[in-house]
Protein chains: 4
Amino acid sequence: MSSPRGRPRSERARLAVLDAAADLLIEGGMAAATMEAIAARAGVSKATIYKWWPSRGHVALDSFFTRTKPTMAVEAGATLEDTLIAQVGALAGLLRDPATASLMRETVAVAQTDPDIRSALDTRWLRPRRAAVEGVLRDAAERGEIRADVDFAAAMDQLFGPLYYRLLFRHEPLDERLAETLVRQMLAGLSP
Amino acid sequence: MSSPRGRPRSERARLAVLDAAADLLIEGGMAAATMEAIAARAGVSKATIYKWWPSRGHVALDSFFTRTKPTMAVEAGATLEDTLIAQVGALAGLLRDPATASLMRETVAVAQTDPDIRSALDTRWLRPRRAAVEGVLRDAAERGEIRADVDFAAAMDQLFGPLYYRLLFRHEPLDERLAETLVRQMLAGLSP
Amino acid sequence: MSSPRGRPRSERARLAVLDAAADLLIEGGMAAATMEAIAARAGVSKATIYKWWPSRGHVALDSFFTRTKPTMAVEAGATLEDTLIAQVGALAGLLRDPATASLMRETVAVAQTDPDIRSALDTRWLRPRRAAVEGVLRDAAERGEIRADVDFAAAMDQLFGPLYYRLLFRHEPLDERLAETLVRQMLAGLSP
Amino acid sequence: MSSPRGRPRSERARLAVLDAAADLLIEGGMAAATMEAIAARAGVSKATIYKWWPSRGHVALDSFFTRTKPTMAVEAGATLEDTLIAQVGALAGLLRDPATASLMRETVAVAQTDPDIRSALDTRWLRPRRAAVEGVLRDAAERGEIRADVDFAAAMDQLFGPLYYRLLFRHEPLDERLAETLVRQMLAGLSP
DNA sequence: TCTTAAACGAGACGGTACGTCTAGTCTTCTA
DNA sequence: TAGAAGACTAGACGTACCGTCTCGTTTAAGA
């Protein structure tokens, strides 16, 4: 029943840091989002940031999660194709937003270096989305709508992989019709 | 017929830098591959590195290209499926090697920040591979082996995207049978 | 009544820098007293030095002033000759100490390049000494002990100039009896 | 009787180096007269400079000697006072020229660090001038024009020291009448 | 109301790496 | 063989952030 003694953590400071970090990341990428700059922009002491986040990457990750809306609901009563298109399209739509794209790119880049960030990204971002869509697909397999011997993991990769591929390499835009094309092409196959 | 004046560039230094950089990148990632460390390890002056490479990212990129074997030949006289599996499998095999994987991850991460690096990666790495496989697919379309209305770009993304997706997020390994699964699933589709 | 915010300046660091700089200057001259070496020897960050001193020359100057005792008192109740000998002798004695001589030589050398240093040396070192002795001489002139048409500035130069001349060119030592000789010769003249 | 094999030393290069060095020294002091800058300005290879001069200081010294006219003749048939004034005045006149003053200041500064330079300056510059004037004074002493117990070295310091003192500290200008004042004041003394 | 203790801002600190500069040396071709 | 060109190693330069630290100053819960 004891409540913590002393001055409570400042919510104002927490939000100011996440906001400043997100803005800096979007404007100038990881290079611009130095601890010094985040602290200055947030009007917060560096020590305060270090008290609550262990590294720059964690601040970036938190900014990303804070700025990005949930968008993961699976609607009932729709065809398999429509459901998949909705799911993949939702992610594509998110990544089409330049600010979100920027944050996601930086987060992936940081994750290559920091295992902490990578596992958080995996647990809190990647897996839930894959699991949701994989569930849809497994249900369809049980109903006989798709073949039973499908490699579900590979199928997830073929739906989501292209989005990150285009996000990171930018060889093609993440246009409106991409989700539809990916889903249709995967379900029907290329053979005539 | 004129020969260049002055002392010629030292091939020894060039190779030592690329080697040192690659080793450091593999061992400790971009964080370990400081210019200072590369110079020390290569037994080369920092000034010499800056003379020939504009940034750390460029050295990393060059290391990657130097360390990575060509692996892009398209063999004649094989079925479409076998050709695609061979191509995708070649890249998967490359990225399965921990050292190459490490270099590739760092290169992609750097590319998010440095547009120079990104365009070099695009021009010298991504496009040739996509173009080769796209050619194979377009030939097959002309012969009527696959549908004519295929979105070739999306198809390339569905073959290569999953590889980079697994490389960068590490949610699943890049195992031996992945290429085969990806190709078969894409050609035949998931429908029964 | 407001007290300064933040961590207060470290007196330990300030003294360590001045000490290290003085030692290095004495041991190996300006060439040895690099910022890098001073920082290393003082166990202080280079950034800290640059924060408080704008250049190497300023550190050298400060070292000199810190290491050099005041020695400028004018005693009352003595003959003109004795007073002058005491004053000139005090400076000669200071410059006879190898460490002080070394610091002074470096400081003069630096002053040739850096106007800041030169003016500080002028204001804080040269002028007070000249003024003190010039005062003694002007009093004597008023009392009629010396001629009234003396060029006081030139007289100062004839007393102090020889000391610096010997310090910098080292053609003759700054021996014990120099001050006495200079004063006597100046007062009495060379004529029989 | 053998004449040297190969291409003879280029007098053009030697003069170009000394000229470039002197100009740079006058314009921006020792800081501006880098080997790089001298070589570039002279249109000469750095290696060539290092071949003939052991250090930057030596080039500076040589520039100084090359640029500075002899001015050391002792005229016969004049009073002691006039002879001394002529000698001291000649040096003062030289040091009044801003370019020469600049070169001399830099040379003295360098001499504090480089013993080679110091000894060259002593041998080729200081001693001859002092010896010439000391000779004049000793002759006068023999003729009984001045006292016999004069400290000649100190007397030289009282004539020349003030000039260098003013040159290096710049507390007073090296004006036209300085030589006369110094000589008269020294010969007659300050006493009434 | 007063104490107490954690959180806060400010900012100085020891470090590390940055990218630049100059010193000297070395290597090649040309005169 | 001297010289010009210019690449090389070595190492200091001054700057920018890092992550830590020491201050004096809030701020709310508990006494």
Side-chain angles (χ1 to χ4, degrees), chain A residues 2-10 12-14 31 33-40 42-52 54-56, chain B residues 2-14 31 33-40 42-52 54-56, chain C residues 2-10 12-14 16 31 33-40 42-52 54-56, chain D residues 4-10 12-14 31 33-40 42-52 54-56:
Chain A
S2 74
S3 83
R5 303 286 306 272
R7 176 177 179 174
R9 175 168 180 190
S10 157
R12 200 221 104 241
R14 197 184 68 86
T34 65
M35 283 301 213
E36 218 92 25
I38 295 171
V44 145
S45 164
K46 268 200 297 173
T48 301
I49 305 183
Y50 281 107
K51 173 140 213 189
W52 302 109
S55 81
R56 209 154 48 126
Chain B
S2 74
S3 82
R5 306 288 305 269
R7 180 176 175 175
R9 175 169 180 189
S10 158
E11 186 63 8
R12 197 221 111 242
R14 195 182 70 85
T34 64
M35 284 301 214
E36 217 92 23
I38 295 171
V44 145
S45 165
K46 267 200 297 174
T48 301
I49 306 184
Y50 280 107
K51 171 139 214 189
W52 302 109
S55 81
R56 217 151 44 122
Chain C
S2 72
S3 82
R5 309 288 304 268
R7 178 175 178 174
R9 175 168 181 188
S10 158
R12 199 221 108 240
R14 196 182 69 86
T34 65
M35 283 299 213
E36 216 92 24
I38 296 171
V44 145
S45 164
K46 266 200 298 172
T48 301
I49 306 183
Y50 281 108
K51 172 140 213 188
W52 301 110
S55 80
R56 217 152 41 128
Chain D
R5 304 283 304 272
R7 178 175 174 177
R9 173 167 183 191
S10 156
R12 198 220 109 242
R14 196 182 70 85
T34 65
M35 282 301 214
E36 218 92 27
I38 296 172
V44 145
S45 164
K46 268 201 296 173
T48 302
I49 305 183
Y50 280 108
K51 174 140 212 187
W52 300 109
S55 83
R56 210 151 52 120

**Prompt:** Looking only at side-chain N and O atoms, does B/Ser10 come under 4.0 Å of OP1 or OP2 in E/dT27?
**Reply:** no
**Asked** What is the distance from CD1 of D/Ile49 to C1' of F/dA2, rounded to the nearest Å?
**Response** 15 Å
Nucleotides 20-23 of chain E: which of its N/O atoms have a protein N/O under 3.5 Å away?
unit_1: E/dA23; atom_1: OP1; unit_2: D/Met35; atom_2: N; d: 3.1
unit_1: E/dA23; atom_1: OP1; unit_2: D/Arg56; atom_2: NE; d: 3.4
unit_1: E/dA23; atom_1: OP2; unit_2: D/Met35; atom_2: N; d: 2.8
unit_1: E/dA23; atom_1: OP2; unit_2: D/Glu36; atom_2: N; d: 3.2

**Non-hydrogen atoms of D/Thr34 and D/Arg56 that approach each other most closely** = CA-NH1, 4.0 Å
**Message:** Whole angstroms only, please: what is the NZ-C1' distance between D/Lys51 and F/dA4?
**Reply:** 13 Å
**Asked** Can a side chain N or O of D/Arg12 be found less than 4.0 Å away from OP1 or OP2 on F/dA4?
**Response** yes
**Complete:** Between the CD1 atom in C/Ile49 and the NZ atom in C/Lys46, the distance rounded to the nearest 0.5 Å is 9.0 Å
**Message:** Tell me the closest heavy-atom pair linking B/Ile38 and B/Ala33, and the distance in Å.
**Reply:** CD1-O, 3.8 Å
**Prompt:** Minimum heavy-atom separation for D/Ser10 to D/Ala13, with atom names?
**Reply:** OG-N, 2.9 Å
**Message:** Under 4.0 Å from OP1 or OP2 of F/dA4: is there any side-chain N or O of D/Thr48 that close?
**Reply:** yes
**Presence of C/Trp52 side-chain N/O under 4.0 Å of E/dC13 phosphate oxygens OP1/OP2** = yes
**Fill in**
Considering only heavy side-chain atoms of C/Arg7, the closest of E/dC13, F/dT9, F/dG6 is E/dC13
**Request:** Work out which heavy atom in A/Ala39 is nearest to a heavy atom in A/Ser45; give both atom names and the distance.
**Result:** CB-C, 4.3 Å
**Base F/dC23 to side chain C/Arg5, donor-acceptor N/O within 3.5 Å cut-off** = no
**Request:** Not counting sequence neighbours, which residues clear side chain to side chain donor-acceptor pair (under 3.5 Å) with B/Arg14? List them please.
**Result:** B/Glu11
**Fill in**
Note: for C/Pro8 and A/Arg14 on DNA chain E, the residue whose nearest nucleotide lies more 5' is A/Arg14
